[in-house]
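Protein chains get the first letters and strands the later ones, always in sequence-line order, with residue 1 at the start of each.
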Number of protein chains: 2
Amino acid sequence: MKRKVTLKQIAKELDVSISTVSKSLKDSPEISEDTRLKVQAFAKLYNYKPNNIALSLKNKKTKTIGIIIPEIVHHFFATVISGVENVANEHGYNVIVCLSDESFDKEVINMEMLANGSIDGFIMSLSKETQQKKDFHHITEVINQGMPVVMFDRVTNDILCDKVIIDDNLSAIQAVQTLIDKGFKKIALITTVDYVSVGKLRTEGYLKALKSNDIKIDENLILKIEDIEHCDEAIENLINTQKIDAIFAVNELFAVTAIKSALKIGLRIPEDIAVIGFTDGIISKYSSPSITTVSQNGIKMGGKAAKMLIDRLESEEEDDEHYRTEVIETHLVERESTPTL
Amino acid sequence: MKRKVTLKQIAKELDVSISTVSKSLKDSPEISEDTRLKVQAFAKLYNYKPNNIALSLKNKKTKTIGIIIPEIVHHFFATVISGVENVANEHGYNVIVCLSDESFDKEVINMEMLANGSIDGFIMSLSKETQQKKDFHHITEVINQGMPVVMFDRVTNDILCDKVIIDDNLSAIQAVQTLIDKGFKKIALITTVDYVSVGKLRTEGYLKALKSNDIKIDENLILKIEDIEHCDEAIENLINTQKIDAIFAVNELFAVTAIKSALKIGLRIPEDIAVIGFTDGIISKYSSPSITTVSQNGIKMGGKAAKMLIDRLESEEEDDEHYRTEVIETHLVERESTPTL
DNA sequence: AACTCACCCGAAAACGTTTTCGTGTTGAAA
DNA sequence: TTTCAACACGAAAACGTTTTCGGGTGAGTT
């Protein structure tokens, strides 16, 4: 077992100074060709690679990005990480992933853990609990220390920083409008509780779309799910008790659950009930019937977030107080759960 | 914007030495209560937190684990990361994630990038290309440098290190046996090309199960998918041309694709064709009909791998040459794609 | 012979910690 | 008064780099 070799060891072995070794390896013209080649040969032989930690300490840069997300076993977040990782790698950055598990405390702990020098900047999406508490002190603190933060998807207006989002409101309007255009009138909404920012925006979109088409809003057709684990009962109840011909669900899980419930009681899709979901994940694609969804390009979102963060990290001028919010376009992926005209 | 405060700054401000500050914060009895309290109060006021990078350099420990996996937009791998992250966090470790994208080169680059001091140890699953090339020099090199590696799922016998796997062979046998027990005779296999270690083992299990039940093996019923992107055509072809009554698929994707193909040509599931998949993911659960699968507990696998790695990192004795291979048990989750007896 | 100037290299500081060891001061015991 | 231990603190090394600056050597110029 040969441990990693350091500059010091090479210097000692070749009987030169550490500085000479360092300069030789960097092809400095200060060093004679003789010495330079000798050192380089030796370094190659012993497979010398500079120690990243030492470099980080010296440069005050870790070339590492921290990602904090609510969960990873979730298609959308996984795609975002993938997008981040890709762009980060291209620019020589690594990615540290921390999961908040939708918990405020874990989010805070993770941020503090990473903020002490481990990373150069954050990319994050808020946990549900944080959104509910509206307590963002951990984030402002980090920003105040001069560490850039890019928020995506679940963001908040209470924090000034770069953001990457989709137009949840507009996307929802378009989805519901599509249903209306296809002739549906009794359109139900399956959504989350209001403190989830994206859920709220999508709900508003649903309402706007109905209003602008002069369709009366029926509160009985709006289902706000509190307990995701047991959403199936609530959804079944909705379908059984209300006369509806279409469903707009704010995420994949609600959409697929609605479909399973409908199939269970013998309804045909899309003939009896049409369904549009949100977030184009693996479920929508492989469900039978496959589900029409508003596609949210996670890869693109993650890539964009990473680009924004790296740009900020590598720009000389501290371009403070000049934050951007990028809106990633969505599009409706039409599949089997909605009828073709 | 107040930058992070260091020991040096505190020392200067309070007109004591750096050592005094450091010791005070560690409650060293060497320091008088007066000074101690004064320093602690000041540190708290300025929210002092030791710099992780400096600590890493000093301690030669980063408290960070590197994970290298083929892809993250994949339910199984996401669950493994989740498991790793969980256990890692409990022990004060962070997790750096790198994706090989099934590419040998990216795997090598990522490993080298992380091996230079950024992490304390690796948890990894081989990329397809690496398994095909059988070139593991990057891994042996890392191990030779004294950095522990834990491999999971896609492992190789050519490397001596800790491993976490499931018994792919046995699990496949059990799955196929279940089909046989339920009365199916013409059981097709949809699998990967042989160089994917787990695919090969599952294929062998299928063959063994048939043999031990004296069922003749029909090569026409065995489909080895090369191009995953276009597996649907091959699978449709299989179902259309062969007379089969059940399918054993070595992953979720193949299973759900088989189901969609079967439904498309009007076959009923499980009445006309029963299906068992492998890897209990979100697709199997939410597919209609839902899919019976061999459940591979990714969380448990990741957790176990993290535990093994951390144990090795924190054990004093370099317990070299004494590697363990943990086998995580699987179980069959019976759903709608197989008939109840 | 004195001076200049490349050329080549080493010493040392710096990044932020921890820890060992040394040292000055104080009080009490001899 | 001397001696010695306990006490309180500081200096410095160490981790592995990079980089600035200064200095020694030799050759070439006046």
Open item on the list: According to ring pair (Phe, Tyr, Trp, His ring centres under 6.0 Å), who are the partners of Tyr46(B), at least two apart in sequence or on a separate chain?
Closed with: Phe42(B)

- [ ] Could you tell me the separation between the OG atom of Ser103(A) and the CG atom of Asn110(A), rounded to the nearest 0.5 Å?
- [x] 9.0 Å

Open item on the list: With a 6.0 Å cut-off (strictly less than), is the heavy-atom count around NZ of Lys38(A), excluding the residue itself, greater than 12?
Closed with: yes

Task: Spacing of OG1 belonging to Thr62(A) relative to CD1 belonging to Ile119(A), to within rounding of 0.5 Å - done: 7.0 Å

Open item on the list: Check whether Asp120(A) reaches the backbone of Ile65(A) with its side chain - one donor and one acceptor, N or O, closer than 3.5 Å.
Closed with: no

Open item on the list: Measure NZ/Lys4(B) against C1'/dC15(C) and give the value in whole Å, please.
Closed with: 16 Å

Task: Donor-acceptor contact present, side-chain Ser100(B) to main-chain Lys106(B), <3.5 Å - done: no

Open item on the list: Distance check needed: dG24(D) P versus Ile31(A) CD1, whole Å only.
Closed with: 18 Å

TODO: Using distance alone, with no hydrogens and no angle criterion, decide if Ser125(B) and Asp153(B) have a side-chain donor and acceptor under 3.5 Å apart.
DONE: no

TODO: Take atom CZ of Arg36(A) and atom C1' of dC7(C), then tell me their distance rounded to the nearest Å.
DONE: 13 Å

- [ ] Please report how far the helix from dA1(C)-dT30(D) to dA30(C)-dT1(D) bends, comparing the axis fitted to its first five pairs with the axis fitted to its last five, to the nearest 10 degrees.
- [x] 90°

- [ ] Check the distance between dG16(C)'s P and Arg3(B)'s CZ and give it to me in whole angstrom.
- [x] 11 Å

Open item on the list: Quick one: does any side-chain atom of Glu107(A) pair with a main-chain N or O of Leu126(A) as donor and acceptor, under 3.5 Å?
Closed with: no

Task: Length of the line joining Asp15(B):CG and dC9(D):P, which is rounded to integer Å - done: 12 Å

Open item on the list: How many whole angstroms separate atom CG of Leu57(B) from atom P of dA13(D)?
Closed with: 17 Å

Open item on the list: Between the side chains of Arg312(B) and Asp162(B), is the shortest nitrogen-to-carboxylate-oxygen separation below 4.0 Å, so that they form an ion pair?
Closed with: yes

Open item on the list: So, does Lys60(B) get its side chain near the phosphate of dA14(D), meaning an N or O under 4.0 Å from OP1 or OP2?
Closed with: no

TODO: May I have the distance from Lys61(B) (atom NZ) to dG16(C) (atom P), rounded to whole angstrom?
DONE: 23 Å

Open item on the list: Considering every strand and a 4.0 Å limit on heavy-atom distances, what is the contact class for Thr35(A): base, sugar-phosphate, or nothing?
Closed with: sugar-phosphate

Task: Sugar-phosphate or base contact per nucleotide [nucleotides 17-23 of chain C; S, B, -; heavy atom under 4.0 Å] - done: BBBBB--

